[in-house]
Amino acid sequence: MSQPRQSQALVIVNTDFHSSDGDVVFGTRRGAKREAEKLSNILSRLNYEVKLMHNKTAKEIEDLYQQECCCEHGAYFVSIISSHGEEGVIFGCDSEPVQLTRIFRILSSEKCPVLTKIPKIFFIQACRGQEFDQGVTVECDSREPEPGCEPDCFSHYLSIPPQTVVMFACSPGYGAFLNISGSMFLQALLKVLEGEERHLDLNRLMTRINWEVAFRCQARGTYEGCKEMPCFVTNLLQEVFPFSA
């Protein structure tokens with residue numbers, strides 16, 4: 001008998017950012033590369049075929065998702081994005097924005113019929129604004145918002161294709177923490193995938209990640225007490241167990 005096709009995973013991590021003139025635009029995201037490598041390794045152990053992409057431009061990121069439309073897929077498609085960002089946007093290493101709605105549109109049933117019935121699961125480590133619980137300014141995965149531009153917290157929710165889950169590192173308008181050891185959010189994801197919680201259905205698994213970040217993670221030192229609250233949106237029609245290898 002032929003073996004079932006492996007589920008696919010696409011991991012994109014951007015750590016260094018430059019403008020078209022070669023100027024450094026954002027701070028280096030120390031710790032993000034090693035964290036992404038750990039996630040790639042554990043997904044491989046859970047029977048995923050993993051593509052790990054480092055420092056991709058905005059166009060290259062879109063092209064990577066376009067390529068998924070031509071690939072053979074197993075039971076699930078998982079994508080982890082780790083980059084600078086703001087509400088509804090992640091940034092390529094060329095400091096150009098990629099709208100999340102654009103990524104979701106590429107993977108829609110109309111554009112990508114091969115993924116229509118396959119659960120698509122996103123974990124996004126990026127800031128969604130500049131607010132923090134204690135009202136302090138910290139180094140984070142975002143840039144200054146443009147004057148007069150209010151974040152639209154719902155447009156990318158409404159654009160999510162069928163059979164899709166998106167989990168964000170933080171709530172709309174807030175920053176996502178990252179240090180040389182990694183991010184609160186993806187470290188919590190790693191812990192869950194390495195433990196028995198990986199056998200839970202996806203909704204329960206993501207709720208465990210919420211709890212882990214909310215109750216066991218907070219900033220130290222100068223920003224002692226600053227917190228982070230992940231959140232997720234789903235339009236799945238059934239329970240799924242994507243990490244129960």
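Remember, predicted model here, so these are calculated numbers, not experimental data.
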In sequence, state the C-alpha distance, the side-chain angles, and the governing distance for Phe177 and Phe185, and then conclude on ring pair (Phe, Tyr, Trp, His ring centres under 6.0 Å). CA-CA 8 Å; Phe177 287 99; Phe185 175 55; over 10 Å; no
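- Rounded to the nearest 0.5 angstrom, Lys59 NZ and Gln66 CD are separated by 9.0 Å.
- Taking every heavy atom of both residues into account, Ile106 and Lys111 meet most closely at O-CB, 3.3 Å.
- Checked by atom type and distance alone, the side chain of Asn235 pairs as donor or acceptor with a backbone atom of Thr164 at under 3.5 Å.
- Counting only distance, with no hydrogens or angles, the side chain of Glu131 and the backbone of Gly129 share no donor-acceptor pair below 3.5 Å.
- Nearest heavy-atom pair across Pro119 and Ala75 is CD-O, 3.4 Å.
- For the pair Val98/Ile103, a side-chain contact is recorded, criterion being any heavy-atom separation below 4.5 Å from C-beta on.
- Under the 4.5 Å side-chain heavy-atom criterion for ILVMFWY residues, a single connected hydrophobic cluster contains both Ile121 and Val192.
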Dump the intermediate steps for side chain to side chain contact (heavy atoms under 4.5 Å, CB included) on Thr234 and Leu202, then the final yes or no. CA-CA 10 Å; Thr234 174; Leu202 185 58; over 6 Å; no
Go through the steps to decide whether Val78 and Phe122 satisfy the test side chain to side chain contact (heavy atoms under 4.5 Å, CB included), and finish with yes or no. CA-CA 6 Å; Val78 171; Phe122 288 85; over 6 Å; no
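- You'll find the side chain of Met167 reaches within 4.5 Å of the side chain of Pro230, heavy atoms only.
- With hydrogens and angles left out, the side-chain atoms of Ser79 and Tyr65 include a donor and acceptor closer than 3.5 Å.
- Put simply, the side chain of Glu37 reaches to within 4.5 Å of the side chain of Lys33, judged on heavy atoms.
- Of all heavy-atom pairs between Ser83 and Phe91, the closest is OG-O, 2.6 Å.
- Using modelled atom types and a 3.5 Å distance limit, the side chains of His54 and Thr15 yield a donor-acceptor pair.
- Two rings, from Phe26 and His84, have their centers less than 6.0 Å apart.
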Where do Ile80 and Ile12 land on the side chain to side chain contact (heavy atoms under 4.5 Å, CB included) test, with the steps shown first? CA-CA 6 Å; Ile80 299 172; Ile12 300 171; over 6 Å; no
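- For Phe243 and Tyr76, the distance between ring centers is not under 6.0 angstrom.
- Salt-bridge formation is not detected for the pair Glu86/Arg128: no Lys NZ or Arg NE/NH1/NH2 atom is positioned less than 4.0 Å from an Asp or Glu carboxylate oxygen.
- Between Glu68 and Lys51 there is a salt bridge, since at least one side-chain N of the basic residue sits less than 4.0 Å from a carboxylate O of the acidic one.
- Under the side chain to side chain contact (heavy atoms under 4.5 Å, CB included) rule, Leu100 has a single partner from Ile160, Val89, Ile124, which is Ile124.
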Could you give me the CA-CA distance, side-chain angles and deciding distance for Met53 and Val11, then say whether side chain to side chain contact (heavy atoms under 4.5 Å, CB included) is met? CA-CA 6 Å; Met53 302 296 173; Val11 181; over 6 Å; no
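- To the nearest 0.5 angstrom, Arg198 atom CZ is 7.5 Å from Ile42 atom CD1.
- Listed here is the closest heavy atom pair of Ser244 and His199: OG-ND1, 3.0 Å.
- With rounding to the nearest 0.5 Å, the separation of OG1 in Thr207 from CD in Glu197 is 12.0 Å.
- Counting only heavy atoms from C-beta outward, the side chains of Gln163 and Ile118 never approach each other to under 4.5 Å.
- Using modelled atom types, no side-chain atom of Thr28 and backbone atom of Asp16 make a donor-acceptor pair closer than 3.5 Å.
- Residues Glu35 and Ser183 have side chains that bring a donor and an acceptor to within less than 3.5 angstrom of each other.
- Nearest heavy atoms, Ser95 versus His18: OG-O, 3.3 Å.
- Of the inter-residue distances, the one linking Arg102 atom CZ with Leu107 atom CG reads 10.0 Å to the nearest 0.5 angstrom.
- Heavy-atom minimum distance, Asp94 versus Ala58: OD1-N, 3.2 Å.
- In this structure, the side chain of Asn14 engages the main chain of Lys56 through a donor-acceptor pair within 3.5 Å.
- For the pair Glu49/His73, no side-chain contact is recorded, criterion being any heavy-atom separation below 4.5 Å from C-beta on.
- Proximity of Ser82 to Phe123: side-chain heavy atoms (C-beta onward) are nowhere separated by under 4.5 Å.
- Looking at Phe17 and Arg29, their side chains come closer than 4.5 Å, going by heavy atoms from C-beta outward.
- Counting only heavy atoms from C-beta outward, the side chains of Glu60 and Leu64 never approach each other to under 4.5 Å.
- To the nearest 0.5 Å, atoms NZ (Lys38) and CG (Leu189) are separated by 13.0 Å.
- Atom CG of residue Leu205 and atom CZ of residue Phe232 lie 9.5 Å apart, to the nearest 0.5 angstrom.
- Cluster membership check: Val165 does not share its hydrophobic cluster with Met229, using side-chain heavy-atom separations under 4.5 Å among Ile, Leu, Val, Met, Phe, Trp and Tyr.
- At most 12 heavy atoms of other shown residues, nucleotides or ligands fall within 6.0 angstrom of atom CD in Glu72.
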